[in-house]
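The structure appears below as structure tokens.
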Amino acid sequence: MSDPLVETADVETELEAFVDELLTCERYQELVEAREALEADAEAQELLDAYRETERELQNGEFDTSLMSELRSIQKDLSELESVRRHREAREAFESLLAETDEIVSECIGQAFAQSIGGGCC
């Protein structure tokens, strides 16, 4: 019979190695670089701020078609920015890697690995 403490230590060591691999993989590094570029893009940040403010106004008031039109316009402007496109593509690529990883782990353990089991403390 194996020692549960040794098994736990082995799992934790493997998990740390897995996380280190994720943090150094190309897709994650591309996401970090794309996020930094997006954060440095003054035009993108201005549009994102305007989007958040307009969205907040829409949520705090009654439905307003002019605010919806403004949101669509801001979304269109955002989608035309290289930094936004690059960030979206990098995020999607990294999310794809995480989904692939989830499938492999789930297959190995015979159950859904990264499933949501609900939240809350009770």
Only counting residues at least two apart or in another chain, list the ones meeting ring pair (Phe, Tyr, Trp, His ring centres under 6.0 Å) with Y51.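 For Y51 there are no ring pair (Phe, Tyr, Trp, His ring centres under 6.0 Å) partners, ignoring immediate neighbours.
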
For [X], check salt bridge (Lys or Arg N to Asp or Glu O under 4.0 Å) against everything at least two apart and list the hits.
X	answer
D64	none
E21	none
E57	none
E12	none

Under the side chain to side chain donor-acceptor pair (under 3.5 Å) test, residues paired with [X] that sit two or more places apart:
X	answer
E100	S96
E53	R56
E82	R85

Run the side-chain donor-acceptor check on residues 25-38: report pairs under 3.5 Å with partners two or more places apart or on a different chain.
from	atom 1	to	atom 2	distance (Å)
R27	NH1	A93	O	3.2
Q29	NE2	L23	O	2.4

I need the T101 OG1 to L97 CG distance, nearest 0.5 Å.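 Those atoms lie 4.5 Å apart.
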
Could you state the interatomic distance from CG (L15) to CG (D10), rounded to the nearest 0.5 Å?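 It comes to 12.5 Å.
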
Using the side chain to side chain contact (heavy atoms under 4.5 Å, CB included) rule, take E55 and L58 through it: C-alpha gap first, then chi angles, then the decisive distance, then the call. CA-CA 5 Å; E55 191 174 49; L58 188 62; 5.6 Å; no

Could you see if I109 belongs to whatever hydrophobic cluster contains V19? Use Ile, Leu, Val, Met, Phe, Trp, Tyr and a side-chain cutoff under 4.5 Å.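 Unlinked, I109 and V19 end up in two clusters.
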
If hydrophobic clusters are built by linking Ile, Leu, Val, Met, Phe, Trp and Tyr wherever their side-chain heavy atoms come under 4.5 Å apart, do F18 and L98 end up in the same one?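 The answer is yes; both residues are in one hydrophobic cluster.
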
Could I get the full list of side-chain contact (heavy atoms from CB on, under 4.5 Å) partners for [X], not counting sequence neighbours?
X	result
S106	D102, F113
S69	R72
E43	D41, L47, L81

Is it the case that over 12 heavy atoms from other parts of the model lie below 6.0 angstrom from the CD atom of E46?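 Counting other residues, nucleotides and ligands, CD of E46 stays at 12 neighbours or fewer.
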
Should we say atom CD of E80 is surrounded by more than 12 heavy atoms from elsewhere, each under 6.0 Å from it?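 It does: E80 CD has more than 12 such atoms within range.
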
Side chain to side chain contact (heavy atoms under 4.5 Å, CB included) evaluation trace for L48 with V84: CA-CA 10 Å; L48 287 168; V84 173; 5.7 Å; no

